[in-house]
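Below is one structure, written out as structure tokens; the observations come after it.
Computed from a predicted structure; not experimentally measured. Side chains are part of it too, since the values below use all heavy atoms of this structure and drop only hydrogens, waters and symmetry mates. As the structure lists them, so they are numbered: ligands from 1, and atoms in each ligand from 1.
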Amino acid sequence: MRVGVFDSGLGGLTVVDSITKLINGVEIFYIADTKFSPYGEKTKEQILKHSFDIANHLINEHKIDALVVACNTATSAAIKELRENFKNLIVIGTEPGLKPAINATKTNKIGVLATKATLCGNKYQDLLTNLASQNDIEVMQEPCLGLVKQIEDGLIEHDDTYIMLEKWLKPMKEKNVDTIVLGCTHYPLIKDLIKKILGDEIVLIETGHAIANRLEDLAKKQAIQFKENNSLHLFYTGIINTKMVDKIVPNFDECVKIEIKGRDE
Ligand code: DGL
């Protein structure tokens, strides 16, 4: 099974980590679109274009059987169009885990950390209207401006990152929020920092495992052949922090800079 996975940068590697822990026999081609990171502060049109350029590259160069959009922001902007356009491909997206958060909360107060583009997108807004209002849940959300860049720069333990997060999370703590949705695939990388501010008992909802399960189910349904072992090929379009890559997925086979044709913005 050949799987293409992409994100604006390192975040989608948290999804890759879940996939390789669950499935054996998958060949992963990962693109970190760091030339255009962060996606979360771009328009829907820009994100849509980047998503199509990358999907076409993965299909043409690597003959993938499945595409995993390991990015909440790109899913929000492009998943419908990707599915309509690539009908023969398994296409899996990433969405903020509002439903599991609603099931988990005891105080009926949840916090959602995601990018501006995800929070403003129709997909999230519809989900919020349906789920939160039905269940009498109070939702506090935060677009976390600048946080993806701190993570891309490997500044996870830096004071500035702590101060940034504290400013967003303290009001949630005061409101008695007991469950936080990590609505961006970069945020599992700062789980420890979130716990430092909100305490170990805070429930953090991430989606990597659910995506891996879905991929396995769909691949089996379509009788796609698994290989003997996993392999992981990493590509990036701008610059990448290799120390962070090593930390998240130490067992990669290659990590190479690429150019994707026809991109000039
Ligand atoms: N990791 C991404 C997400 O899940 C995108 C972050 C960004 O580039 O802003 O939304």
Side-chain angles (χ1 to χ4, degrees), residues 4-19 30-51 53-55 67-79 82 91-98 101 111-125 127-128 141-156 161 164-165 168 180-191 194 204-212 214 234-241 244-245 247-249 260 263 265:
V5 185
F6 79 91
D7 178 41
S8 65
L10 299 165
L13 291 175
T14 60
V15 177
V16 168
D17 183 47
S18 298
I19 295 173
Y30 181 88
I31 297 185
D33 195 12
T34 49
K35 187 170 179 184
F36 293 103
S37 172
Y39 279 1
E41 290 155 42
K42 301 212 154 37
T43 64
K44 177 181 159 81
E45 289 65 34
Q46 288 169 317
I47 304 164
L48 194 63
K49 181 175 182 319
H50 298 324
S51 302
D53 287 343
I54 289 174
L67 176 71
V68 175
V69 183
C71 173
N72 294 261
T73 309
T75 300
S76 167
I79 200 78
L82 289 169
V91 179
I92 298 173
T94 309
E95 281 176 37
L98 272 184
V112 179
L113 307 181
T115 67
K116 185 170 154 229
T118 300
L119 293 177
C120 294
N122 291 340
K123 233 174 157 29
Y124 172 78
Q125 287 298 329
L127 200 65
L128 188 67
Q141 52 209 24
E142 182 54 59
C144 303
L145 289 182
L147 184 56
V148 164
K149 181 158 183 343
Q150 292 293 107
I151 297 170
E152 285 293 320
D153 290 346
L155 300 174
I156 287 176
T161 315
M164 242 176 179
L165 265 176
W168 300 322
I180 299 278
V181 176
L182 303 179
C184 167
T185 52
H186 280 72
Y187 302 163
L189 300 170
I190 49 157
K191 270 198 298 206
I194 297 175
L204 301 178
I205 307 287
E206 45 184 310
T207 39
H209 193 67
I211 293 168
R214 177 108 184 108
L234 305 178
F235 307 102
Y236 55 96
T237 57
I239 47 168
I240 201 154
N241 185 322
M244 287 291 292
V245 174
K247 224 176 172 175
I248 313 166
V249 284
I260 294 180
R263 308 177 89 196
E265 309 161 41

How far does CG of L127 sit from CG of L98, to the nearest 0.5 angstrom? 5.0 Å
Can you give me the closest heavy-atom contact between V148 and S37, atom names plus distance? CG1-OG, 4.2 Å
Give me the pairs of N or O atoms, one from ligand 1 and one from the protein, that sit under 3.5 Å apart.
from: ligand 1; atom 1: 1 (N); to: D7; atom 2: OD1; distance (Å): 2.9
from: ligand 1; atom 1: 1 (N); to: D7; atom 2: OD2; distance (Å): 3.4
from: ligand 1; atom 1: 1 (N); to: T185; atom 2: OG1; distance (Å): 2.9
from: ligand 1; atom 1: 1 (N); to: H186; atom 2: ND1; distance (Å): 2.8
from: ligand 1; atom 1: 4 (O); to: N72; atom 2: N; distance (Å): 2.8
from: ligand 1; atom 1: 4 (O); to: N72; atom 2: ND2; distance (Å): 3.0
from: ligand 1; atom 1: 4 (O); to: T185; atom 2: N; distance (Å): 2.9
from: ligand 1; atom 1: 4 (O); to: T185; atom 2: OG1; distance (Å): 3.3
from: ligand 1; atom 1: 8 (O); to: S8; atom 2: OG; distance (Å): 2.6
from: ligand 1; atom 1: 8 (O); to: Y39; atom 2: N; distance (Å): 2.6
from: ligand 1; atom 1: 9 (O); to: Y39; atom 2: N; distance (Å): 3.3
from: ligand 1; atom 1: 9 (O); to: G40; atom 2: N; distance (Å): 2.7
from: ligand 1; atom 1: 10 (O); to: N72; atom 2: N; distance (Å): 3.4
from: ligand 1; atom 1: 10 (O); to: T73; atom 2: N; distance (Å): 3.1
from: ligand 1; atom 1: 10 (O); to: T73; atom 2: OG1; distance (Å): 2.5

Quick note, salt bridge (Lys or Arg N to Asp or Glu O under 4.0 Å) partners involving residues 142-152, not counting sequence neighbours, are K149-D153
Partners meeting ring-ring contact (aromatic ring centres under 6.0 Å, His included) with Y124 (sequence neighbours left out): none
Can you name the closest pair of heavy atoms from V181 and A101 and give their distance? CG2-CB, 3.4 Å
Only counting residues at least two apart or in another chain, list the ones meeting ring-ring contact (aromatic ring centres under 6.0 Å, His included) with Y39. H50
